[in-house]
Amino acid sequence: MTCIVLAVLVLIMPSFTARVILAGLLLAIATWSILASAGSKTATASSDDSDQSHAPENLPVNSLLEATLSGMREGLLVVNKDMRVVASNPAARKLFNPSVPALKTQRLTELTRNPAIYSAFLDGLKGIERSGVKVETHGPERQIFDLRVVPIGSVNGNGAEGALGVFFDITRTERLEHVRQEFLSNVSHELRTPLTAIIAFVETLENGALEDQESCQRFLSIIRKNASRMHSLIDDILELTAIEGGNVQLRAEPVDLHALVQDVCSSLAAKASAQNVTLKNNVAGSVMVHADARRLEQMLTNLIDNGIKFSRDNGMVVVSHEDGTRDKIQVQDNGDGIPSQHLERLFERFYRVDRARSRDIGGTGLGLAIVKHLALLHGGEVTVTSELGKGSTFTIHLPK
Ligand code: ADP
């Protein structure tokens with residue numbers, strides 16, 4: 001066990017000098033312990049170590065080591081020359097076979113058939129240090145590890161007496177990286193579409209369409225529409241990035257909900273009447289909610305705006321409030337509704353039911369993601385129910 005801790009320290013220690021000293025100490029102890037365990041045929045690395053010395057604080061060293069290794073999130077596995085496991089910690093057991101109480105004397109091949117792990121440990125036994133080996137597990141939950149293997153008892157890079165592997169869990173980092181890449185590729189794609197249209201119409205104008213007054217007007221209006229789409233997209237991306245990055249500070253205070261809804265309805269009145277949609281504020285005059293007024297206004301603007309965009313002719317968008325353990329603010333429309341299979345993913349960035357329609361009406365695909373993150377920032381959430389052909393209801397739940 002002492003070996004393992006020292007090896008981990010060697011792996012983790014930032015200072016080169018400290019690593020060299022620790023590595024020397026490790027080599028001496030590792031060689032001694034592996035030779036001793038070879039003599040006794042069955043090798044173990046658990047609490048039956050004969051080292052009963054005490055730490056300066058009068059705590060038994062074994063207990064300290066056990067606690068350290070048990071508490072580590074990184075999986076640790078030591079194999080001997082014959083590729084048999086001679087030591088492991090609970091994190092490693094969980095990684096390979098959670099039902100086995102201790103990994104001891106099994107062959108590495110009995111634990112895993114993963115060729116990347118096997119070849120890294122094999123190199124370790126040849127005296128070669130390996131790092132950055134990516135290992136994936138495909139159990140009930142997919143996990144990704146960065147495996148680092150160091151030889152134990154190797155002199156000048158020659159064959160080793162054993163090898164120690166540390167499995168760093170990089171599942172979260174990998175997932176975030178995936179999300180980041182997906183986001184970047186979505187943003188590039190979303191920006192490229194209006195940009196391509198702008199370039200195409202400018203080229204058409206340059207190639208003679210300028211002479212034709214009517215076409216000229218039409219092309220310019222298409223260029224303007226695409227340019228403002230790019231503008232809204234960049235605004236929404238910056239907004240969402242700021243909220244997700246924790247750079248938006250809320251100033252929650254008592255807010256007069258009726259007055260706030262009235263303001264939002266007034267600012268969207270022209271758009272609503274252009275689409276023949278009626279906006280109705282059903283919130284009672286006395287209702288106060290606890291929220292950041294500007295951010296709540298932003299959430300309601302996005303939801304009511306969607307209600308208008310996705311409504312039918314002569315449609316109606318109604319805002320109401322329901323009291324309870326939390327305040328519920330509902331935005332209900334009688335539009336086309338949303339097919340149930342889309343509801344689960346509706347609040348994801350760039351998720352749209354009908355991509356072409358959303359683009360056509362100037363949508364960025366980020367409005368609901370912004371609402372979701374702002375609601376979460378308030379300690380609340382946003383939910384949706386919808387019935388095809390009847391309409392949708394979006395509800396913001398706010399803690400009191
Ligand atoms: P967009 O800019 O496309 O409106 P949102 O994030 O606001 O982006 O909405 C994502 C998608 O959810 C929309 O493209 C649309 O398909 C669907 N949606 C949102 N609100 C409604 C609604 N009230 N009725 C029907 N569909 C809606």
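Here the structure is a predicted model, which is why all the values come from computation and not from measurement. Just so you know, ligand 1 is whichever comes first in the structure, and atom 1 is the first atom listed for that ligand.
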* Nearest-neighbour protein heavy atom for atom 14 (O) of ligand 1, which is reported as residue plus atom name and distance -> R352 CG, 3.2 Å
* For F350 and ligand 1, answer yes if some heavy atom of the residue is under 4.0 Å from a ligand atom, otherwise no. => no
* To do: Starting from I170, walk the hydrophobic network (Ile, Leu, Val, Met, Phe, Trp, Tyr; side-chain heavy atoms closer than 4.5 Å) and list everyone else you reach, by chain and number.
  => I144
* To do: Please state which part of H342 comes within less than 4.0 Å of ligand 1, counting heavy atoms only: side chain, backbone, both or neither.
  => neither
* Structure fact -> Any heavy atom of F347 under 4.0 Å from ligand 1? The part involved is neither
* Identify the residue among L122, L77, N114 that makes a side chain to side chain contact (heavy atoms under 4.5 Å, CB included) with L108. => L77
* Report the nearest protein non-hydrogen atom to atom 15 (C) of ligand 1: residue, atom name, distance rounded to 0.1 Å. => F310 CZ, 3.4 Å
* Structure fact -> re atom 5 (P) of ligand 1, the protein heavy-atom contact at minimum distance is L368 N, 3.6 Å
* Asked: Does S392 reach ligand 1, in the sense of a heavy atom lying below 4.0 Å from it?
  -> yes
* With under 30° as parallel and over 60° as perpendicular, where do the rings of F145 and F167 fit, or are they tilted in between? -> perpendicular
* Asked: Any idea which protein heavy atom is nearest atom 11 (C) of ligand 1, and the distance to it?
  -> Y351 O, 3.6 Å
* Structure fact -> At under 4.0 Å between heavy atoms, what of L366 touches ligand 1? The answer is backbone
* Asked: What are the atoms of ligand 1, with element, lying closer than 4.0 Å to any heavy atom of K309?
  -> 1 (P), 2 (O), 4 (O)
* **Heavy atom of the protein closest to atom 3 (O) of ligand 1 (residue, atom name, distance)** => S358 OG, 2.6 Å
* Structure fact -> atom 19 (C) of ligand 1 has as its nearest protein heavy atom N306 ND2, 3.5 Å
* **contact_flag N302 ligand 1 heavy-atom lt 4.0 Å** => no
* To do: Identify the protein heavy atom lying closest to atom 23 (N) of ligand 1, giving its residue, its atom name and the separation to 0.1 Å.
  => D333 OD2, 2.9 Å
* Applying side chain to side chain contact (heavy atoms under 4.5 Å, CB included) between I370 and each of N302, T364, T301, report the one that passes. => N302
* To do: May I ask you to identify, for I338, whether its side chain, its backbone, both or neither come under 4.0 Å of ligand 1 on a heavy-atom basis?
  => side chain
